[in-house]
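Read the structure below first, then the notes.
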Number of protein chains: 2
Amino acid sequence: MSKCQQCIIRQFNSLKHLSKEELVRVSACKTSKIVKKGEYLFEEGTRINGIFCIKDGICKVSKMSENGRNQTINLIKKGDLIGERSLISDEPSNLNAIALNDLEVCFIPKEEIIRDLKSNPTFTMSVLNDLAKSLKNSDNFVVDMAQKTVKQRLAETLIKLEDKFGTNDAGIINLQLSRDDFANIVGTATESAIRLLSEFKKKELLEFKGKEIKILNPKGLEKIAQGFS
Amino acid sequence: MSKCQQCIIRQFNSLKHLSKEELVRVSACKTSKIVKKGEYLFEEGTRINGIFCIKDGICKVSKMSENGRNQTINLIKKGDLIGERSLISDEPSNLNAIALNDLEVCFIPKEEIIRDLKSNPTFTMSVLNDLAKSLKNSDNFVVDMAQKTVKQRLAETLIKLEDKFGTNDAGIINLQLSRDDFANIVGTATESAIRLLSEFKKKELLEFKGKEIKILNPKGLEKIAQGFS
DNA sequence: CTTAAAATATGATATTTATCAGGTTTTTAA
DNA sequence: TTAAAAACCTGATAAATATCATATTTTAAG
């Protein structure tokens, strides 16, 4: 198994603040696994007892509402850590993590990381920083969900996806989501997501062929996200 | 000015993990202030550079949406800390904090707390814990906002308010909010909040006289929050 | 290659919610 | 105490969104 010390991925997250010795220890007790597209990395209600470092692939973080509908909270990509909350509280996870495409992850047990948290303040501050950023994102997300229309939210989602995952040479967003995935991110019915995507296409804000989406007029989408429509 | 060492409020938050010496230092550099009802404790876009400890009163945390509408994110009460995020990032606050009634707060400058974070792992873990809990709350809030109807959200809000602030001898919730406040928590128009409160009253789920609200049938409200209506 | 299943699409309709408009009551300040 | 302002309330209507029904296209499996 590859060693954390040599893993380039750690440069993208808090693990970069670990010393060489700490990394060696972490490396010794980590495990790796592959999660196939559509399978769970972890499930709501289970204890995860450690953090996952995403080496490759994209992971959808979601939660069931009491209404029985699924809401996607976040998309996690290569280089991100997930499961930080399990370090702190002993409660089972309140979230699902599902592979959107084949996922390569490392798992570091809780005790190991806690040991580092207690001894390495720089590492701890970095983890605090991550949580703080997530919290800010989440708060902003609440405001959007509460105050924006479905159309605004979909426009915003498209912009954010392009930002986060980039495009290929042809300008197509480097992430293929089903209409249902879009609906679950935006918090709407699948039919509504489909209709709005078609509307955006008709208005030449974007074009798509199946799941391949290319944004043609980002400014226009931005306007819509801000409520000018 | 009163001393942190003798302040009973700190028992309710992470500050309880500070040692006597640390508390003496904190106490020496803290400042106190009163914020009158309706005034800002701090404003979106300003740098706060420290944390506030709420000694008395209730504070509304909110954010303007791009649509120009206000969304209340959280209600903070006696014993809570607020502003933890400013410890970590240097960005200005993305939130407003407004006094719902007269507020008595202490302010502890950032540098002082960071010093303690670096030297006291128990304190740090407690702050991490707070952030993690907030994040969980926020995530749940996102799901509610995205997936529940206004009626469900209002019912849930009422239950949560009673939980958090309790009731007086007459069973009236210990917090007086305007209909507009309710609308901003639930994320709806003021008229809609009014209509639904009236509907709940008609169904004898609650009774109210002005801003004094008494829940009569908590199970019934719970049912509605879960989507049975 | 063929067929069944899943995903996408679109129309019709019902429901939810916002908006506007006009009241009444309560609170605030002079 | 009284006038003005703010908060509250209700109805009518419009807009947004969900739901249901059904057709088409795409994908997956045999």
Side-chain angles (χ1 to χ4, degrees), chain A residues 36-39 65 67-71 100-101 144-157 175-203 206-213 224-225 227-229, chain B residues 36-39 60 65-71 98 100-102 144-157 175-203 206-213 224-225 227-229:
Chain A
K36 288 260 173 70
K37 179 176 173 176
E39 290 178 357
S65 83
N67 294 16
R69 284 163 60 157
N70 221 277
Q71 177 63 36
L100 267 185
N101 43 35
D144 282 353
M145 284 300 176
Q147 301 286 357
K148 292 193 167 179
T149 64
V150 172
K151 193 190 283 187
Q152 285 181 285
R153 272 139 56 192
L154 180 61
E156 194 170 12
T157 297
L175 175 66
Q176 303 216 347
L177 293 174
S178 69
R179 304 296 189 261
D180 197 53
D181 286 329
F182 273 106
N184 291 340
I185 295 173
V186 168
T188 190
T190 309
E191 296 95 322
S192 299
I194 290 172
R195 256 184 261 274
L196 286 169
L197 280 172
S198 298
E199 184 187 325
F200 289 169
K201 188 184 197 175
K202 197 172 289 168
K203 287 184 179 164
L206 49 78
E207 63 184 22
F208 58 79
K209 202 185 146 222
K211 298 188 173 67
E212 300 190 331
I213 297 179
I224 286 178
F228 303 92
S229 67
Chain B
K36 288 260 173 71
K37 180 178 172 173
E39 289 178 358
K60 174 174 72 174
S65 83
E66 276 182 308
N67 294 14
R69 285 164 61 159
N70 220 277
Q71 177 65 35
I98 300 170
L100 266 185
N101 43 34
D102 288 1
D144 283 353
M145 286 298 178
Q147 301 286 358
K148 292 193 167 181
T149 64
V150 172
K151 192 190 284 187
Q152 286 180 283
R153 269 138 58 190
L154 181 61
E156 193 170 12
T157 298
L175 174 65
Q176 304 218 345
L177 293 174
S178 69
R179 303 296 189 261
D180 197 52
D181 286 329
F182 272 105
N184 290 342
I185 294 173
V186 169
T188 190
T190 309
E191 296 96 323
S192 299
I194 290 172
R195 255 184 263 271
L196 286 170
L197 280 171
S198 299
E199 184 187 325
F200 289 169
K201 187 184 198 175
K202 196 172 290 169
K203 287 183 179 162
L206 49 78
E207 62 184 24
F208 58 79
K209 202 185 145 218
K211 297 189 175 65
E212 299 189 332
I213 297 179
I224 287 179
F228 303 92
S229 69

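As the structure is a prediction and not an experimental result, all values here were calculated from the model. Within every chain, numbering begins at 1; the chains are lettered A, B, ... in the order of the sequence lines, protein sequences first and strands thereafter.
- Considering only side-chain N and O atoms, A:T190 lies nowhere under 4.0 angstrom from the phosphate OP1 or OP2 of C:dT8.
- Note on B:K209: every side-chain N or O is 4.0 Å or more away from OP1 and OP2 of C:dT26.
- Both B:L196 and A:L197 lie close to DNA chain C; mapped to their nearest nucleotides by heavy-atom distance, the more 5′-ward contact belongs to A:L197.
- Remark: A:R69 is in phosphate contact with D:dT19, judged by side-chain N or O atoms under 4.0 Å from OP1 or OP2.
- Looking at B:K201 and B:L206, their side chains come closer than 4.5 Å, going by heavy atoms from C-beta outward.
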Exercise for the section: Just do the side chain to side chain donor-acceptor pair (under 3.5 Å) check on A:N67 and B:Q152 with the steps written out, would you? Expected result: CA-CA 10 Å; A:N67 294 16; B:Q152 286 180 283; 2.8 Å; yes
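- Among the protein residues, B:F208 comes within range of the sugar-phosphate backbone only, with heavy atoms under 4.0 Å from sugar or phosphate atoms but none that close to a base.
- In this structure, A:I213 places its CD1 atom 12 Å from C1' of C:dT8, rounding to the nearest Å.
- Between B:E191 and B:R179 there is no salt bridge, since no side-chain nitrogen of the basic residue lies less than 4.0 Å from a carboxylate oxygen of the acidic one.
- Under the 4.0 Å criterion applied to side-chain N and carboxylate O atoms, A:R195 and A:E199 are not assigned as salt-bridge partners.
- Closest to the A:S192 side chain, of the nucleotides D:dT17, C:dT17, C:dC20, is D:dT17.
- Nearest to the side-chain atoms of B:S178 among the listed nucleotides D:dC8, C:dT8, C:dT17 stands D:dC8.
- Taking atom NZ of B:K202 as the reference point, atom P of D:dC9 lies 12 Å away to the nearest angstrom.
- Between B:D181 and B:K60 there is a salt bridge, with a side-chain nitrogen of the basic residue lying less than 4.0 Å from a carboxylate oxygen of the acidic one.
- The base of C:dC20 lies close enough to the side chain of B:E191 for a donor and an acceptor atom to sit less than 3.5 Å apart.
- Taking every side-chain heavy atom of B:S198 into account, D:dT10 is the closest of D:dT10, C:dT8, C:dT17.
- Side-chain N/O atoms of B:R195 and base N/O atoms of C:dT19 include a donor-acceptor pair closer than 3.5 Å.
- Side-chain proximity of A:K211 to C:dT16, C:dA7, D:dT10: nearest is C:dA7.
- Closest to the B:A189 side chain, of the nucleotides C:dT8, D:dC8, C:dT19, is C:dT19.
- Atoms CD1 (A:I194) and C1' (D:dT26) sit 13 Å apart, rounded to a whole Å.
- For C:dT17, the OP1/OP2 oxygens have no side-chain nitrogen or oxygen of B:K151 closer than 4.0 Å.
- Between C:dA9 and A:R179, a contact under 4.0 Å exists linking OP1 or OP2 to a side-chain N or O.
- Going from atom CZ of B:F182 over to atom C1' of C:dT17 covers 19 Å, rounded to whole Å.
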